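Report on the structure given below.
Below, chain A is the first sequence line, B the second, and so on; all start at residue 1. Just so you know, these numbers come straight off a predicted model, no measurement behind them.
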Number of protein chains: 2
Amino acid sequence: MEPAHYQRLYALLKSQIQVGQFKEGDLLPSENELSTKHKIARMTVRRALTELSNEGYIQKIKGKGSLVSASRKSLGLLSFKGFSEVVGTEFEAKTMMLRAPHAMPWPDRFFYKLSPKEQETGCITFERVRFVDQYPVLLEHSFLPNHGLDTFCSEPLLDGSFFKTLSVRYQIDVISYEQDIRAVVADEVIAFLLKVKPLTPLVQIYRRYHTSVPDYYLYSLLFANTEKYTISNYQ
Amino acid sequence: MEPAHYQRLYALLKSQIQVGQFKEGDLLPSENELSTKHKIARMTVRRALTELSNEGYIQKIKGKGSLVSASRKSLGLLSFKGFSEVVGTEFEAKTMMLRAPHAMPWPDRFFYKLSPKEQETGCITFERVRFVDQYPVLLEHSFLPNHGLDTFCSEPLLDGSFFKTLSVRYQIDVISYEQDIRAVVADEVIAFLLKVKPLTPLVQIYRRYHTSVPDYYLYSLLFANTEKYTISNYQ
DNA sequence: GATTAATTCTTGTATATACAAGGTAAAATA
DNA sequence: TATTTTACCTTGTATATACAAGAATTAATC
């Protein structure tokens, strides 16, 4: 079925913003210009622009136009801030693969309840450590159901990004997630990996990511050392 | 200035849902009914319903109608799950006011950077403890800029809910939030309040809530005992 | 009685039109 | 020249209309 006119225009403008064809601070063409150019009614154009505005891509200003916003907040899936300045510059976390992706059955007593279909196919799992300024701050253990991801284990991650790889290679996009947060103390293994003393308090997070594929979820188990950096969430 | 028709209808329907005049699973009157009843065009009705749908109050189903959703998950913002069953029933947290709302200047070295306007007007603050199954699990210290909220301190919270009070009485709706998470150990004061041993690991969360009022934010500082219950986050 | 088809609700998309109101720049005025 | 006014751009609100498409009920058929 063909997408609606407003959806086509919405997708077009969004991609043009994402690609940088329209930059932060630019004014989009006016509603009337878009209307005549694409041969659709102004009200239809407005619908596309309203969605873009709702999602933070543009800001509409009465009497002026549609202003392209600063780069969309990356869903803040996982970022860090300096401890002393909770409002501070955000740091990029660099990643080191600890155990490369490999297929295996799901662990016993997995932290989220799995569907029969997920149980059946087993999982692909890998472990990574994230560094901020040379300090290991996060241990991440990821799991994904092994549904037609045969090549996943043999090929490296695109730009080192798990999510980007799934999006580009398998058309699986992360839409949202749920998480359960606890405070724990480091055991010896984790203390060694994160280079902290045993009994240091850590943040433990169980995550289930929802994707654009129905009933397909990704899972992560995280341990974070928050002595120097806090875990930043935006939603 | 008078509010727009769609805003009037939006506010009316929202309050009717919040008050329970329309309950979960009910169908709202159809767009044509609302149109004739309120003597406004159907497209204007649709605009009001679209906003309600965006904010999760209703779910529109083509060919059927507008279904009232389960009580707005404003508490999806903060819920708890049993520890052993990370996927388990969610528990309702009961709340005890520790220090009632009172106006005061902002604390020194506040955890988020405040605008000059916020600094100027001072804040209203209050402290609450949340219980799950008689156990104190969360200490919550809330702050809000004192902009025309004179009666806030003298009147009790609606249904004991801070957010509901702001929404119904002041038309301030929480849209999203950002948070910074750390693991800390309990000092003596907090250990006493949460009835844990000193040095128990706790989750500490700084939150800034974004609202429907531009440049108006709410702030919370949380300490959670996650020995028995995890903190649950959705999105 | 059970199944199928037609009707009539519902929301979804799209258009054309009109006027209000904010912002900007050109034109008129002092 | 400096200020004010005007004109023209922009987005915001509102209406009336038309048809498409999904859902549910009713009528017709087997």
Exercise. Could you state the CG-C1' distance from B:L27 to D:dA23, rounded to the nearest angstrom?
Worked result: 11 Å
For this session: Report yes if a side-chain nitrogen or oxygen of B:K64 is closer than 4.0 Å to either non-bridging phosphate oxygen (OP1 or OP2) of D:dG22; otherwise report no.
Result: no
Listed pairs, N/O of protein and of nucleotides 18-20 of chain D, under 3.5 Å:
none

Exercise. So, the side chain of B:S53 versus the backbone of B:Q59: is there a donor-acceptor pair under 3.5 Å, distance only?
Worked result: no
Exercise. Which word best sums up how the rings of B:Y219 and B:F110 line up, parallel for under 30°, tilted for 30 to 60°, or perpendicular for over 60°?
Worked result: perpendicular
Exercise. Rounded to the Å, how far apart are A:K39 NZ and C:dA14 C1'?
Worked result: 17 Å
Exercise. What is the distance, rounded to the nearest whole Å, between atom CZ of B:R46 and atom P of D:dT17?
Worked result: 18 Å
Problem set entry | Presence of salt bridge, B:R207 and B:E140, under 4.0 angstrom | no
Seminar exercise, completed: Of A:H5 and B:G63, the one whose closest nucleotide on DNA chain C sits nearer the 5' end is B:G63
For this session: Grab the CD-C1' distance between A:E31 and D:dT13 for me, whole Å please.
Result: 12 Å
Exercise. In whole angstroms, how far is the P atom of C:dT10 from the CG atom of B:L49?
Worked result: 13 Å
Seminar exercise, completed: Walking DNA chain C from its 5' end, the first of A:A4 and B:N32 to be reached, judged by nearest nucleotide, is B:N32
For this session: Can you tell me the distance, in whole Å, between the CG atom of A:L67 and the C1' atom of D:dT11?
Result: 13 Å
Exercise. If you round to the nearest 0.5 Å, how far is NE2 of A:H38 from CG of A:L9?
Worked result: 5.5 Å
For this session: Look at all strands and tell whether A:I40 reaches a base, only sugar-phosphate, or nothing, counting heavy atoms closer than 4.0 Å.
Result: sugar-phosphate
Exercise. Can you name the one residue among A:I58, A:L27, A:D26 that meets side-chain contact (heavy atoms from CB on, under 4.5 Å) with A:L67?
Worked result: A:L27
For this session: Please check the phosphate of D:dT15 (OP1 and OP2 only) for any side-chain N or O of B:T44 closer than 4.0 Å.
Result: yes
For this session: Please determine if a side-chain N or O atom of B:Y6 lies less than 4.0 Å away from the OP1 or OP2 oxygen of D:dA14.
Result: no
Exercise. Using a cut-off of 4.0 Å on non-hydrogen atoms, how would the nucleic acid contact of A:I61 be classed: base, sugar-phosphate, or nothing?
Worked result: sugar-phosphate
Exercise. Reckon A:R47 has a side-chain N or O less than 4.0 Å from the OP1 or OP2 of C:dA14?
Worked result: no
Problem set entry | For atom CZ of B:R8 and atom P of D:dA14, their distance in whole Å | 10 Å
Exercise. Of all residues at least two apart in sequence or in a different chain, which pass the side chain to side chain contact (heavy atoms under 4.5 Å, CB included) check with B:H147?
Worked result: B:K117, B:T121, B:P145, B:Y216
Exercise. When the ring centroid of B:Y112 is compared with that of B:Y217, is the distance short of 6.0 Å?
Worked result: no
Seminar exercise, completed: When rounded to whole Å, the CG to P distance for the pair B:L34 and D:dT15 reads 13 Å
